[in-house]
Structure formats: C-alpha cells, structure tokens
*Asks:* 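Pasting a structure here, questions to come.
Nothing here was measured: the structure is a model prediction, and the numbers come from that model. In what follows, chains are A, B, ... by sequence order, proteins preceding strands, each numbered from 1. Values below: every heavy atom of this structure, side chains too, minus hydrogens, waters and symmetry copies.
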Protein chains: 2
Amino acid sequence: MSYRLPPLNSLRAFEASARHLSFKRASDELCVTPGAVSQQVKSLEASLGVQLFRRLPRGLLLTAKGESYLPLISNAFRAISDATEHVAPTLKGRLLRVGISRPLSGRRHPAIERLRRGGDWPRTKLTTTDDLSKLIDGKLDVLLRTSPQSPPGLHADRIALPVPSGAALPATLVTLPGLAGCREVRALLRLLTRA
Amino acid sequence: MSYRLPPLNSLRAFEASARHLSFKRASDELCVTPGAVSQQVKSLEASLGVQLFRRLPRGLLLTAKGESYLPLISNAFRAISDATEHVAPTLKGRLLRVGISRPLSGRRHPAIERLRRGGDWPRTKLTTTDDLSKLIDGKLDVLLRTSPQSPPGLHADRIALPVPSGAALPATLVTLPGLAGCREVRALLRLLTRA
DNA sequence: CGTGTTGACTTAGATTTTCTAAGCCATGAA
DNA sequence: TTCATGGCTTAGAAAATCTAAGTCAACACG
C-alpha cells in the first residue's frame with residue numbers, strides 16, 4: 001500500500017491560491033511572498049503534467065482540471081486539520097493568554113496597542129511578564145519578548161515589531177510546542193508584524 | 001477559512017511509519033534513510049506537542065493518540081492520492097514502456113536482467129533506444145540512459161546502477177513530468193537501484 | 001493620454017529544511 | 001559470545017524553498 005502524493009507543500013500552495021483565486025492573497029494566508037507561491041504552484045503543475053490555473057494579467061482562473069481538483073484537496077486538508085485538532089487540541093475558544101515583557105508593553109507599539117484595545121480575532125488576555133516558567137506551567141499560551149533566547153523545548157518565532165517611526169524592533173514570540181503554528185498563534189503573529 | 005496543518009512531510013513520515021510500525025520499512029517506502037524518518041516523526045511530535053509512538057528497542061508501538069490519528073490521516077492521504085490520479089492519470093494498468101540505451105542494455109546488469117525476465121511489478125515492456133523524442137511523443141514512458149543530460153521539460157532521476165562486480169554505474173532515468181513520482185516509476189527506481 | 005497601482009512572472013542568491021553518513025546502544029538469535 | 005537488527009543522535013552536505021528585485025500587461029483616474 002502506497003499513495004501517489006504530489007509534493008505536499010506545493011499542494012498546499014495550490015489549495016490556498018485556488019480558494020482565493022490569487023497568489024497574492026494565498027501568500028498572505030501562508031505567510032510567504034507571492035513569488036514563493038507562484039513557484040510552488042508551477043512546480044506542482046510540472047510534477048502533475050497538468051495545467052491547474054489560467055494566469056491572467058491581473059488574477060487567476062482555474063482550469064477545468066484545477067476546478068475538479070480543488071474541492072477534493074480542500075476536503076482532504078480539512079480532514080487533516082480536524083484530525084490534528086482532535087489529537088492535539090488547542091484553545092477550544094478560550095482567550096489566548098499573551099505575556100508581554102515590560103520593555104515591549106511599556107512603550108507604545110501600534111500592534112500591541114491594537115491588541116490591548118481588543119476587537120480583533122483571536123481574543124486575547126494580555127499580561128505584562130517575561131516569565132518563561134508561566135508558559136511551561138500552562139498559565140500562559142505565548143510570550144512576547146525582546147530577548148532572542150529560544151529556550152530548548154519551546155517554539156520561538158522571531159518577528160519584527162513595527163514601531164511608530166516606521167522602523168521595526170526585533171522580538172521573539174515563544175510558544176508551547178503544542179500551540180505553535182495553530183490558527184490563533186498564526187493570526188497573532190500577523191497582527192503583531194502588521195504596521 | 002484556514003486550516004491547522006502540521007508540517008505535511010512530517011505527517012507523511014508518520015503515516016508510513018505507523019502503517020509499517022517501523023521507521024526502517026517506512027524509509028524504504030519513502031526512499032530515504034531511517035534516520036530521516038526518525039527526525040521527521042520527532043519534529044511532528046514536537047510540533048503537535050503529542051507523543052505518537054512508543055519507541056521500543058526493536059520496533060515501534062502507537063500510543064493511543066497515534067492510534068486514533070493514523071486512520072484519519074491515512075484516509076486523507078488516500079483522498080489526495082485518488083484525486084491526483086483522477087486529474088493526472090498515469091498508466092491505468094498498461095505496461096510501463098521503458099527505453100534503455102544500448103550501452104546499458106548490452107552489458108549484463110543484474111537489475112536490468114531482472115526486468116527483462118519480468119515477473120516483478122510494475123510489468124514492463126523494454127526497448128533498446130536512447131531516443132528522447134519517443135518519450136516526448138508518448139511512445140515511451142521512461143528512458144534509462146548513461147548520459148546525465150536532463151533535457152528541459154522532462155523529469156530526470158540520477159541513479160546508481162549496480163554492476164555484477166558490486167560497484168555501481170551512474171545512470172539517469174528520464175520521465176515525462178506527468179509520470180514522474182508515480183508509484184510505477186518509483187517502484188522501477190527501486191528495482192533498478194537494488195543490487 | 002500619462003501616471004500609479006495591482007498582480008501576475010522570472011531569476012539569483014540566501015536561508016531553511018531535510019537527508020545522509022557514521023557511530024551508539026539495547027535486544028534477541030545463532 | 002558474537003552478530004544482526006532497528007531504534008537513536010549528530011555534524012555536515014545537499015536540496016528545497018523563500019526573498020528581493022526587477023519586468024510586464026491591464027486597468028483606473030485625473
């Protein structure tokens with residue numbers, strides 16, 4: 001028993017692009033540049049030997065084959081997503097508990113101000129702290145700090161936090177492994193890095 | 001709409017390992033070393049924050065979570081596999097038409113002799129030729145040659161062809177893009193590289 | 001009509017991921 | 001005991017992937 005699986009990362013790029021009918025919007029969802037998505041999709045088409053999109057000067061159209069491929073692949077991804085949520089559940093609707101180290105919470109950062117105001121998804125509960133042990137003990141879901149230290153066993157995302165001047169401040173978002181990469185954290189990352 | 005997808009290549013390593021209950025056998029199926037599979041699975045477990053296997057000194061056991069994850073993931077992969085076969089059909093049961101360039105077909109190579117005798121899967125039809133245009137025209141499915149040239153637009157796998165002395169001869173298997181990576185070709189690659 | 005914006009594309013080079021190779025260790029068979 | 005098996009780890013090599021920068025065609029607007 002063995003499957004015929006195309007390159008799965010390319011498949012993911014296809015699925016997002018087809019759903020949005022845009023490499024640009026797909027690239028936002030996948031947190032990469034449009035060029036990367038374009039390359040991935042091209043390599044998928046090459047490996048299948050099948051044209052999936054018609055490229056228009058401004059935007060995309062699915063070919064007949066692409067059209068029939070999309071729902072099947074989306075269903076499979078949904079199944080994987082559900083299964084994953086089932087064996088490794090994440091927030092289950094509660095607030096995302098975000099720790100923010102003092103130096104970041106003190107100064108006014110547009111992104112953090114926005115969080116503080118609330119209203120965005122994911123809903124968050126902010127605390128000023130830099131205590132990794134709270135993360136480990138499950139009192140906190142993620143911790144935003146300036147120190148680039150990535151303690152072993154935890155997941156760390158390095159991000160560039162915009163400051164009012166237009167520049168950016170390097171920071172690190174530390175996450176418990178079971179939460180890293182989940183939708184809520186991905187959305188938070190996007191919120192934080194947006195100007 | 002967005003999914004929670006773990007690293008998909010790691011997921012593939014998990015699925016194969018769980019099905020075989022062995023990194024070793026999974027690595028044969030995936031055509032990589034056992035170490036690579038071990039690493040992939042470990043990184044999946046880390047990213048989910050969940051233990052999927054119990055490692056015994058000789059062999060694997062699924063944990064309860066692994067056990068419940070496996071069938072869901074297998075189904076999703078089967079769905080992707082079926083969908084892929086549907087939009088980009090490959091052989092549909094007919095013989096795999098293999099071209100072999102004269103220098104390789106002349107000398108006696110254990111792997112090629114085995115092919116010639118037949119009996120293995122995939123069933124093949126061998127022809128002595130080195131004519132790439134036959135590939136392009138669809139008269140041939142794959143072409144095995146000594147020249148490492150990889151003509152643009154075709155897929156090429158570099159392989160090491162065992163010779164009776166125990167050494168190996170570098171060769172190239174050229175494939176139409178739509179066929180590259182399909183089960184039949186993967187099996188052929190395995191046959192050819194086996195001593 | 002220019003001019004600006006958008007969103008596709010390509011390419012080189014950097015970065016990150018993934019794989020291999022080699023060695024280690026515990027088990028069980030000969 | 002000695003060997004084979006099949007896990008594990010690690011460094012470094014190899015491959016895949018991403019970014020950055022620049023191109024081009026379509027469209028909207030003044």
*Asks:* Determine the interplanar angle of the B:Y3 and A:F77 rings, folded into 0 to 90°, and report it as parallel if under 30°, tilted if 30 to 60°, perpendicular if over 60°.
*Replies:*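 Judged by the thresholds at 30° and 60°, the geometry between B:Y3 and A:F77 is perpendicular.
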*Asks:* Please tell me whether B:F23 and B:F53 form a close aromatic pair, meaning their ring centres lie under 6.0 Å apart.
*Replies:*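 Yes, they do, as the ring centres are separated by less than 6.0 Å.
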*Asks:* How long is the span from the OH atom in A:Y69 to the OG1 atom in A:T63, to the nearest 0.5 Å?
*Replies:* 11.5 Å
*Asks:* Find the distance B:K24:NZ to D:dA4:C1' and express it as a whole number of Å.
*Replies:* 12 Å
*Asks:* Would a single hydrophobic cluster contain both A:L72 and A:L11, if residues Ile, Leu, Val, Met, Phe, Trp and Tyr are joined by side-chain heavy-atom contacts under 4.5 Å?
*Replies:*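 No, no single cluster joins them.
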*Asks:* In whole angstrom, give the distance that lies between atom CG of B:D28 and atom C1' of D:dG6.
*Replies:*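 Spelled out: CG on B:D28 to C1' on D:dG6 is 12 Å.
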*Asks:* Using the side chain to side chain donor-acceptor pair (under 3.5 Å) criterion, which residues pair with A:S10? Sequence neighbours excluded.
*Replies:*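 A:S10: side chain to side chain donor-acceptor pair (under 3.5 Å) contacts with A:Q40, A:S43.
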*Asks:* Which is more 5' along DNA chain C, the nucleotide nearest A:G35 or the one nearest A:G59? Just name the residue.
*Replies:*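 The 5'-side residue here is A:G59.
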*Asks:* Could you list by number each residue of residues 36-43 of chain A showing a heavy-atom separation from DNA chain C of less than 4.0 Å, or answer none if no residue does?
*Replies:* A:S38, A:Q39, A:K42
*Asks:* Answer yes when A:R117 and A:E113 have at least one side-chain N-carboxylate O distance shorter than 4.0 Å, and no when they do not.
*Replies:*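 No, this pair does not count.
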*Asks:* If you measure only the distance, is there a donor-acceptor pair under 3.5 Å linking the side chains of B:D131 and B:S133?
*Replies:* yes
*Asks:* Hey, mind stepping through A:S74 and A:E15 against side chain to side chain donor-acceptor pair (under 3.5 Å) and telling me if it holds?
*Replies:* CA-CA 6 Å; A:S74 292; A:E15 201 273 344; 2.6 Å; yes
*Asks:* Between atom CZ in A:F23 and atom P in D:dT19, what is the gap in whole Å?
*Replies:* 15 Å
*Asks:* May I have the distance from B:L52 (atom CG) to D:dG7 (atom C1'), rounded to whole angstrom?
*Replies:* 17 Å
*Asks:* By side chain to side chain donor-acceptor pair (under 3.5 Å), which residues pair with B:D82, not counting sequence neighbours?
*Replies:* B:R78
*Asks:* Counting only side-chain N and O atoms of A:T33, is one of them less than 4.0 Å from OP1 or OP2 of D:dA20?
*Replies:* no
*Asks:* With a strict under 4.0 Å distance from non-hydrogen atoms of chain A, what nucleotide opens and what nucleotide closes the contacted stretch of DNA chain C, reading 5' to 3'?
*Replies:*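 Contact span on the strand: C:dT5 to C:dA12.
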*Asks:* How does protein reach along nucleotides 24-30 of chain D, written 5' to 3' as B (base within reach of a heavy atom under 4.0 Å), S (only sugar-phosphate), or - (no contact)?
*Replies:* --B----
*Asks:* Using the rule that Ile, Leu, Val, Met, Phe, Trp and Tyr join whenever any side-chain heavy atoms are under 4.5 Å apart, tell me whether A:V37 and A:L61 fall into a single cluster.
*Replies:* no
*Asks:* Run the side chain to side chain contact (heavy atoms under 4.5 Å, CB included) test against B:E67 and tell me which residues pass, sequence neighbours left out.
*Replies:* B:L62
*Asks:* Both A:V32 and B:L21 contact DNA chain D. Taking the nearest nucleotide for each, which residue is further toward the 5' end?
*Replies:* B:L21
*Asks:* Using atom CZ of A:R55 as one end and atom C1' of D:dT23 as the other, report the distance to the nearest whole Å.
*Replies:*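 Going from CZ in A:R55 over to C1' in D:dT23 covers 17 Å.
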